[in-house]
Amino acid sequence: MASSSQKGVVITIPVLVLSVSAAAIFLFFLLSSLSSSPCTCPPSTPDSTFTTTAAVVTGGKVVEEVVDRRISVSRDDIEWVKDQIRANGLHMQDNVLRKGINPRTRAQQLEDLNNFKGISHYEGSEANNHTALPCPGELLVEEHHSNYGEPWAGGRDVFEFLAESSRLTANSRVLEIGCGTLRVGLHFIRYLKPEHFHCLERDELSLMAAFRYELPSQGLLHKRPLIVRGEDMDFAKFGSDVMYDLIYASAVFLHMPDKLVWVGLERLVSRLKPYDGRIFVSHNIKFCSRLGGDECTKRLGSLGLEYLGKHTHDSLLFNHYEIWFEFRRSKA
């Protein structure tokens with residue numbers, strides 16, 4: 001019987017060399033692409049970078065974007081703080097007089113401040129030579145934090161909802177109609193680049209609280225927000241070339257005649273970025289609904305605005321939810 005011939009694939013030396021070379025080239029480019037892809041972890045950098053990180057407090061720009069990239073708390077954040085409370089065996093107690101702590105109402109604090117100043121203070125001619133920006137006692141004891149129908153902490157809730165719903169970045173531009181004492185505005189000012197937060201406010205006491213207490217005490221003077229005293233929806237002082245990513249009014253339209261609200265919207269449309277920019281109005285939109293559904297839609301359309309829907313947002317710290325109505329500019 002004749003022996004059968006052995007079958008197989010014959011690879012010559014030149015072909016083998018070319019195959020290995022091709023594999024090596026492919027592996028090289030693969031590793032290069034992986035090493036050049038963006039990394040979300042903190043970079044390994046020299047100590048000088050930590051100086052740049054500290055510059056956030058004094059006006060650093062690049063680091064602000066990194067630090068403020070995250071807006072709302074996560075489930076892990078909430079579980080962490082609950083764990084800390086449990087681990088320390090903490091329980092809510094009555095705020096009564098105890099060693100080293102003397103609870104005072106704001107009225108009592110103000111009386112003490114007026115009568116006794118501080119534990120250590122300057123007298124006579126020296127009294128006015130050591131305070132760069134003297135602040136009225138009413139502001140120092142934060143009486144203005146009680147000017148709202150809900151806790152001061154609710155300002156953070158509003159910021160988180162609006163910033164995330166509008167997909168804001170540190171480079172975005174924001175206009176608040178009626179920022180008051182900056183209950184919400186402080187969070188936007190801290191998050192945005194300098195000069196990127198604008199506000200129109202009519203109340204003088206609120207503006208004093210913002211400029212004399214909130215901005216200095218929060219270390220935000222370097223952010224240079226443009227806060228203008230004015231009314232009647234006059235936005236002329238903000239310039240004609242600014243385009244906003246977000247314009248919002250928290251409870252302000254409730255106190256305005258419908259006609260004035262429409263005047264304001266007409267003036268604001270051209271300042272809102274087409275399609276991506278957003279207008280948010282809180283509580284209700286009776287200025288529109290009072291016209292009737294079809295007429296409301298038609299009136300908005302004539303201004304180049306489109307109603308996108310109603311939203312609710314829960315508070316982080318107390319039993320409360322916000323109601324917001326969303327609009328966008330539908331024409332370029």
Side-chain angles (χ1 to χ4, degrees), residues 144 147-150 152 154-155 157-163 165-166 168 173-188 197-207 210 225-238 242 244-273 277-313 315 320-330:
H144 58 282
N147 288 354
Y148 299 88
E150 59 192 43
W152 179 264
D157 298 320
V158 174
F159 161 72
E160 289 184 3
F161 168 74
L162 294 176
S165 298
S166 305
L168 296 187
R173 294 184 180 273
V174 174
L175 169 65
E176 180 175 4
I177 304 170
C179 57
T181 57
L182 298 180
R183 174 173 165 267
V184 179
L186 285 175
H187 302 286
F188 279 106
F197 178 83
H198 294 178
C199 165
L200 181 69
E201 172 58 53
R202 63 178 294 180
D203 185 64
E204 185 175 7
L205 180 59
S206 295
L207 290 170
L226 179 55
I227 302 174
V228 174
R229 184 184 183 185
E231 51 189 332
D232 295 336
M233 304 294 266
D234 181 5
F235 305 102
K237 292 183 179 179
F238 297 104
V242 179
Y244 295 106
D245 299 272
L246 168 65
I247 299 171
Y248 70 96
S250 180
V252 174
F253 289 174
L254 303 178
H255 310 293
M256 287 186 183
D258 291 356
K259 183 178 180 180
L260 182 57
V261 175
W262 284 109
V263 168
L265 290 175
E266 184 176 2
R267 293 171 178 172
L268 289 170
V269 170
S270 62
R271 298 171 179 269
L272 184 68
K273 287 185 177 179
R278 291 291 185 269
I279 292 177
F280 277 93
V281 178
S282 74
H283 291 73
N284 65 59
I285 50 172
K286 289 184 178 179
F287 67 90
C288 198
S289 60
R290 275 191 277 256
L291 297 175
D294 292 340
E295 187 61 30
C296 175
T297 302
K298 185 187 301 183
R299 184 78 176 270
L300 289 171
S302 69
L303 298 181
L305 288 174
E306 177 185 4
Y307 173 61
L308 297 181
K310 174 182 175 181
H311 309 272
T312 60
H313 179 68
S315 171
H320 172 76
Y321 65 88
E322 292 273 343
I323 301 174
W324 289 92
F325 298 85
E326 180 182 7
F327 305 82
R328 73 169 180 176
R329 181 178 170 185
S330 56

Is there a donor-acceptor pair under 3.5 Å between the side chain of Glu326 and the backbone N or O of Gly309?
-> no

Nearest heavy atoms of Arg328 and Gly277, plus distance in Å | CB-O, 3.6 Å

If you round to the nearest 0.5 Å, how far is CD of Glu322 from NE2 of His313?
-> 8.0 Å

Mind listing the closest non-hydrogen atom pair of Phe188 and Phe197 along with its distance?
-> CB-CD1, 3.7 Å

Determine the minimum heavy-atom distance between Ser250 and Trp324, stating which atoms define it.
-> CB-CH2, 3.8 Å

Would you check if the side chain of Asp234 reaches a backbone N or O of Ala236 as a donor-acceptor pair within less than 3.5 Å?
-> yes

Donor-acceptor contact below 3.5 Å, side chain Ser165 vs main chain Leu162 = no

Between Asp232 and Leu260, is any pair of side-chain heavy atoms under 4.5 Å apart?
-> yes

Determine whether Leu268 and Leu175 make a side-chain contact, defined as any pair of heavy atoms from C-beta on separated by less than 4.5 Å.
-> yes

For the residue pair Phe287 and Cys296, establish whether any side-chain heavy-atom pair is separated by less than 4.5 Å.
-> no

CG on Leu303 to NZ on Lys298, rounded to 0.5 Å = 13.5 Å

How long is the gap from CZ on Arg290 to CD on Glu295, to the nearest 0.5 Å?
-> 14.5 Å

Measure the shortest side-chain to side-chain distance between Phe235 and Arg271 over non-hydrogen atoms and say whether it is less than 4.5 angstrom.
-> yes

Strictly under 6.0 Å, is that where the ring centroids of Tyr244 and Phe238 end up?
-> no

Which atom pair, heavy atoms only, marks the closest approach of Ser282 to Ala251?
-> OG-N, 2.5 Å

Nearest heavy-atom neighbours spanning Ala210 and Gly180 = CB-O, 4.3 Å

Answer whether the closest heavy-atom distance between the side chains of Leu308 and Arg278 falls below 4.5 Å.
-> yes

Nearest 0.5 Å, what's the CE-CG distance between Met233 and Leu200?
-> 8.0 Å

Which atom of Leu246 lies closest to which atom of Ser166, heavy atoms considered = CD1-OG, 3.4 Å

Please determine if Arg183 and Glu150 form a salt bridge, counting it only when a charged side-chain N lies under 4.0 Å from a carboxylate O.
-> yes

Please check if the side chain of Trp152 supplies one atom and the backbone of His144 the other of a donor-acceptor pair under 3.5 Å.
-> no

Between NE2 on residue His311 and CD1 on residue Ile323, distance to nearest 0.5 Å = 12.0 Å

Please name the residue in the list Ile279, Val184, Ile177 that meets the side-chain contact (heavy atoms from CB on, under 4.5 Å) test with Tyr248.
-> Val184

Side-chain touch Leu272/Phe327, heavy atoms, less than 4.5 angstrom = no

If you draw a 6.0 Å radius around CD in Glu266, do more than 12 non-hydrogen atoms from other residues or ligands fall strictly inside?
-> no

Arg202 atom CZ, neighbour heavy-atom count above 12 within 6.0 Å = no

Ile227 versus Leu182: any side-chain heavy-atom pair under 4.5 Å?
-> yes

Stepwise side chain to side chain contact (heavy atoms under 4.5 Å, CB included) check, Leu300 with Trp262 | CA-CA 9 Å; Leu300 289 171; Trp262 284 109; 3.9 Å; yes

May I ask you to decide if Tyr321's main-chain N or O and Ser315's side chain share a donor-acceptor pair within less than 3.5 Å?
-> no

Roughly how far apart are Glu176 CD and His198 NE2, rounded to 0.5 Å?
-> 13.0 Å

